[in-house]
There are 2 protein chains.
Amino acid sequence: MSRTSRQPSGTPARGIPEATVARLPVYHRALSGLVDKGVRMVSSDELARAAGVNPAKLRKDLSHLGSYGTRGVGYEVDYLHYQIARELGLTQDWAVVIVGVGNLGRALAHYGGFASRGFRVVGLVDVDPGCVGEQVGGLTVQSLDRLEEVVRQGGASIGVIATPASSAQGVCERLVAAGVTSVLNFAPAPLAVPDGVDVRRVDLAVELQILAFHEQRKSAVGVAG
Amino acid sequence: MSRTSRQPSGTPARGIPEATVARLPVYHRALSGLVDKGVRMVSSDELARAAGVNPAKLRKDLSHLGSYGTRGVGYEVDYLHYQIARELGLTQDWAVVIVGVGNLGRALAHYGGFASRGFRVVGLVDVDPGCVGEQVGGLTVQSLDRLEEVVRQGGASIGVIATPASSAQGVCERLVAAGVTSVLNFAPAPLAVPDGVDVRRVDLAVELQILAFHEQRKSAVGVAG
DNA sequence: ATGTGTGAACTATTTCACAGCC
DNA sequence: GGCTGTGAAATAGTTCACACAT
């Protein structure tokens, strides 16, 4: 089921490993920094340091995209930067709708890192009548009733859920029904979606809890014995 | 190297896999929901569904903590909930300092999901004089100059960095020097830290870019041919 | 009967180490 | 000489399938 047989030798590179995909944005950002500084060439060692990974991993990751480096020399910064952008789809515009305009939703609406990477927030939606109509980040907050309309008019394929956990599944279903095929979920609840829809979850409390686990182990070293 | 021979029958369980640790908070939250509903027993199938993972994985994960279930019956909700909390260190209090009181920092300061899991925000710090002195989430925002003081007085071992990328490394070094040993980094920059300090990174733009990658592939299906 | 706990098989990811090209 | 690209080895994580306890 849904096991699409991996092309072991396509021309550019079919089936980039998920772990690699998750690091491409990091490389892209590191390269943006080098572009800004006017650096022309970079070695895997330097780029790896800038991105916070080890060089072997970087080279293996890049090898999945093709041979964009020159042996004995390194990578041309501009060229690699563009190739990764293209691979990630950053050369096109993505319309995003944010549902839930609480503190987090506002932070997201104002976040400059989106706009500079081809993500355009085309809609802000909330249930709370006290916040509908308000101007946030240059957009007027719309009523949740108009969710479908906002998604369709904006042509959004990506939805961001920044609502309480209890509303997340319902909102998600309406987003998907309206045409959204990728969801970024900040609500602390698992989402069920049909095949073909991608969900990524960001859970702030989970991150702290993972840190707490390791933190606890550190103290335990002195205690055991 | 570092292959500490697995205790096949130690009392609790040494060396829980990182992937398992990252899911324990999710199980813990699902169990919290069941506790609230007054559910007494739960099977791995039910709990797995509530947590959004598959049952085999759930059972394997739990087996790393010990044998907390009953064959043919399932898991006692309260007991498992407590055991996971203990394993994660949620039975103790963790003092957290947040650096950077922009939109995101504010969202974090107000986030109820922390307090309910033993995370106490004991300090808010920012460079901007226009925001120092302001009351946010029941705390007075302190000047960045007083960072070390705030960490020490609050006894914080966890620091949250919600500053721009350019200040992140500097803030991180000061946090660590003041006694912080775990860092949650929202700034889009890799952090270099000494051994013994844990860093987790949450990068909102990265998440969207990963979605964009898959989104692009979806459209490509119809285009290729 | 039922559903956990777990070896064993499988899949994914990371790291090594070096051949090959500049 | 130096640095990329990559097979091969090592490690980590997931899923299967069934023995075993209740």
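Naming convention: chains lettered A, B, ... in sequence-line order (proteins, then strands); numbering from 1 in each chain. Computed from a predicted structure; not experimentally measured.
A sub-4.0 Å separation between OP1 or OP2 of D:dT15 and a side-chain N or O of B:Asn54 is present. Between C:dG5 and B:Tyr75, a contact under 4.0 Å exists linking OP1 or OP2 to a side-chain N or O. Dashed line: the shortest gap from a side-chain N or O of B:Ser44 to OP1 or OP2 of C:dT4 is under 4.0 Å. For B:Lys57 and D:dT15, the shortest distance from a side-chain N or O to OP1 or OP2 is below 4.0 Å.
When the nucleotides D:dT15, C:dG3, D:dA8 are ranked by their closest atom to the side chain of A:Lys60, D:dA8 comes out on top.
The backbone N or O of A:Ala192 sits less than 3.5 Å from a side-chain atom of A:Gln169, completing a donor-acceptor pair. Distance alone, capped at 3.5 Å, is enough to place a donor-acceptor pair between the A:Ser43 side chain and the A:Glu46 backbone. With hydrogens and angles ignored, the 3.5 Å screen pairs a side-chain donor or acceptor of B:Lys218 with a backbone N or O of A:Thr181. A distance-only check finds no donor-acceptor pair linking the side chain of A:Arg120 to the backbone of A:Trp94 [under 3.5 Å]. Without hydrogens or angle criteria, A:Ser32 side chain to A:His28 main chain gives a donor-acceptor distance under 3.5 Å.
At whole-Å resolution of the value, CG in A:Leu58 and P in C:dT15 are 12 Å apart. For the pair A:Leu62 CG and D:dC3 C1', the computed distance is 13 Å after rounding to whole Å. A straight line from CE of B:Met41 to P of D:dT22 spans 13 Å, rounded to a whole angstrom. As rounded to whole Å, 16 Å separates atom P of C:dT13 from atom CD of B:Glu18. B:Arg49 places its CZ atom 12 Å from the P atom of C:dG3, with the value rounded to the nearest Å.
The aromatic ring centroids of B:Tyr68 and B:Tyr75 lie 6.0 Å or more from each other.
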Please tabulate, one pair per line, each protein N/O and nucleotide N/O from nucleotides 17-20 of chain C that are separated by under 3.5 Å, including the distance.
residue	atom	partner	partner atom	Å
C:dG20	N3	A:Arg71	NH1	3.4

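Two residues, A:Arg23 and B:Val73, neighbour DNA chain C, and the one matched to the more 5' nucleotide by heavy-atom proximity is B:Val73.
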Extract all donor-acceptor atom pairs below 3.5 Å that involve side chains of residues 200-213 of chain B and protein atoms in other chains or at least two apart in sequence.
residue	atom	partner	partner atom	Å
B:Arg200	NE	A:Glu207	OE1	2.5
B:Arg200	NH2	A:Glu207	OE1	3.1
B:Asp203	OD1	A:Arg29	NH2	2.8
B:Asp203	OD1	B:Ala205	N	3.2
B:Asp203	OD1	B:Val206	N	3.2
B:Asp203	OD2	A:Arg29	NH2	2.3
B:Glu207	OE1	A:Arg200	NE	2.5
B:Glu207	OE1	A:Arg200	NH2	3.2
B:Gln209	NE2	B:Ala205	O	3.3

